[in-house]
J.: 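Before anything else, here's the structure in question.
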Amino acid sequence: MAEAGSGRALLSVRDLRTWFPIRRLLFSPSRGYVKAVDGVSFDLSPGETLGLVGESGCGKTTLGRTLLRLERASGGRVVYNGHDLLSLGEAALRPLRRRLQMIFQDPYSSLNPRLAVRDIVTEGLRQHGQLDGSLDAVATRLLHEVGLDASALYRYPHEFSGGQRQRISIARAISLQPEFIVCDEAVSALDVSIQAQIINLLVDLRHRYGLSYLFISHDLSVIRHISQRVAVMYLGRLVEVGETRAVIDAPQHPYTQALVSAIPVPGKARSRRIVLRGDVPSPANPPSGCRFHTRCPQAMDHCKTVEPPLVRLKHNGVEHRVWCHLYSH
Ligand code: SF4
């Protein structure tokens with residue numbers, strides 16, 4: 001599968017696969033595989049945010065975790081700043097880990113409830129032997145970066161609101177001066193007004209420190225506020241990638257069209273909403289041909305047997321890429 005990206009890559013992903021063996025018992029032979037990520041390729045430029053969208057169960061989180069070596073890849077390549085991440089041993093990977101961070105959906109469970117905030121946000125620095133100054137001074141500076149103040153230092157996670165906890169998670173993630181952060185449904189658990197504040201904070205930090213994000217969400221209306229490009233994922237594969245405006249103004253893949261039709265537009269009656277039939281099929285037994293054919297309102301006979309090729313399209317002079325037989329003539 002060809003790459004989907006632009007410019008000099010900070011992260012280059014090629015044909016990435018993460019398959020989980022299906023076993024009846026722990027040590028019994030594999031009876032097949034759950035193909036959570038199955039041949040994904042894209043590039044991410046320095047300072048860029050790529051939104052990754054799709055229904056739950058389509059492999060987004062597994063993809064993010066595989067990039068950071070939190071899941072074992074079954075095949076493919078992930079090159080970060082010239083380092084082939086999947087082939088590095090743990091010792092060689094360790095100095096790179098500080099550059100690659102993750103922010104999780106649920107700040108309630110991702111923060112250690114027994115640690116005070118000053119210990120949470122400086123934990124990585126202490127582990128890497130990089131605490132430069134007094135613990136309180138460093139923690140205060142980090143809290144200030146995310147809009148909190150020193151009054152939080154000696155308090156515990158349960159004393160904060162969801163939005164404040166996500167700010168603490170972000171302070172922890174930026175403490176080691178990362179270059180690349182996977183934000184996994186990082187605002188999905190928050191109220192809409194708080195979502196906007198956290199997105200604004202992430203955008204500020206991107207500008208301040210030149211961060212790159214893979215911003216994972218099931219909600220395109222959130223992704224469009226933060227991402228320069230969008231990648232749409234369905235059942236382990238990318239189906240459309242392009243600049244955010246091009247994908248949202250002129251979605252080409254029938255799956256993307258359904259996702260876009262669900263975005264509310266303030267002050268406007270919603271144009272025809274495309275409601276997809278059924279659920280996402282099991283990644284242990286994906287449909288043949290185009291994986292979307294069982295739900296696609298425009299499916300043709302050969303969609304059931306032939307995998308769709310990559311097609312490069314232009315919208316207002318901007319390229320975007322789609323994997324669909326509708327455009328392959
Ligand atoms: Fe629909 Fe066929 Fe395109 Fe798949 S390849 S999205 S089934 S039209």
Side-chain angles (χ1 to χ4, degrees), residues 1-5 13-19 33-42 50-63 76 216-221 223-224 227 229-263 270-316 318-329:
M1 187 178 285
E3 89 285 1
V13 179
R14 293 291 177 275
D15 197 23
L16 187 64
R17 278 162 282 138
T18 313
W19 296 4
Y33 293 90
V34 172
K35 297 177 179 179
V37 177
D38 194 23
V40 167
S41 302
F42 64 89
L50 175 66
L52 182 63
V53 69
E55 290 162 286
S56 64
C58 73
K60 307 181 300 293
T61 293
T62 305
L63 172 57
I216 296 172
S217 177
H218 65 279
D219 188 349
L220 250 184
S221 62
I223 275 188
R224 70 174 167 172
S227 306
R229 284 189 304 137
V230 174
V232 183
M233 192 167 183
Y234 185 79
L235 210 53
R237 294 202 172 153
L238 300 185
V239 298
E240 183 161 1
V241 181
E243 291 198 6
T244 303
R245 170 138 340 152
V247 170
I248 289 181
D249 288 354
Q252 301 297 318
H253 195 281
Y255 181 56
T256 318
Q257 289 168 354
L259 296 181
V260 169
S261 78
I263 300 177
R270 177 182 281 156
S271 56
R272 188 176 65 92
R273 170 138 190 211
I274 302 168
V275 179
L276 295 175
R277 293 170 287 159
D279 297 320
V280 181
S282 166
N285 187 21
S288 57
C290 172
R291 293 180 176 201
F292 187 55
H293 83 253
T294 55
R295 303 172 77 199
C296 179
Q298 300 180 63
M300 302 166 280
D301 276 349
H302 64 292
C303 298
K304 298 176 185 165
T305 52
V306 183
E307 285 196 19
L310 166 63
V311 182
R312 295 164 195 268
L313 302 169
K314 289 233 165 170
H315 172 70
N316 289 340
V318 178
E319 182 180 272
H320 77 262
R321 306 168 189 208
V322 61
W323 286 262
C324 175
H325 287 303
L326 290 173
Y327 309 97
S328 59
H329 310 298

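First listed ligand is number 1; within each ligand, the first listed atom is number 1. Everything numeric here is computed off the predicted structure, so don't read it as measured data.
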J.: For atom 1 (Fe) of ligand 1, what's the nearest protein heavy-atom neighbour? Residue, atom name and distance, please.
T.: C296 SG, 2.4 Å
J.: Is the distance between the ring centroids of H253 and Y234 less than 6.0 Å?
T.: no
J.: Give me the atom names and distance for the closest heavy-atom approach of Y327 to V311.
T.: O-CG1, 3.4 Å
J.: Is C324 touching ligand 1 with its side chain, its backbone, both, or neither, if touching means heavy atoms under 4.0 Å apart?
T.: both
J.: Identify, by atom number and element, the atoms of ligand 1 in contact range of Q298, meaning under 4.0 Å from any of its heavy atoms.
T.: 8 (S)
J.: Could you tell me, atom by atom, which parts of ligand 1 come under 4.0 Å of a heavy atom of H253?
T.: 6 (S)
J.: Should I263 and R224 be marked as a side chain to side chain contact (heavy atoms under 4.5 Å, CB included) after you check the CA-CA gap, both sets of side-chain angles, and the distance that decides it?
T.: CA-CA 10 Å; I263 300 177; R224 70 174 167 172; 3.6 Å; yes
J.: Please find out if atom 4 (Fe) of ligand 1 and some N, O or S atom of C290 are separated by less than 2.8 Å.
T.: yes
J.: Would you name the heavy atoms of V37 and L16 that are closest together and state the gap between them?
T.: CG1-O, 3.4 Å
J.: Using a 3.5 Å distance criterion without hydrogens, assess whether the side chain of S288 forms a donor-acceptor pair with backbone atoms of K304.
T.: yes
J.: Report, as yes or no, whether the 6.0 Å neighbourhood of atom CZ on R245 holds more than 12 heavy atoms from other residues, nucleotides or ligands.
T.: no
J.: Considering the heavy atoms of C303, write down every atom of ligand 1 situated less than 4.0 Å from one of them.
T.: 2 (Fe), 5 (S), 7 (S), 8 (S)
J.: N/O/S atom of H325 under 2.8 Å from atom 2 (Fe) of ligand 1, yes or no?
T.: no
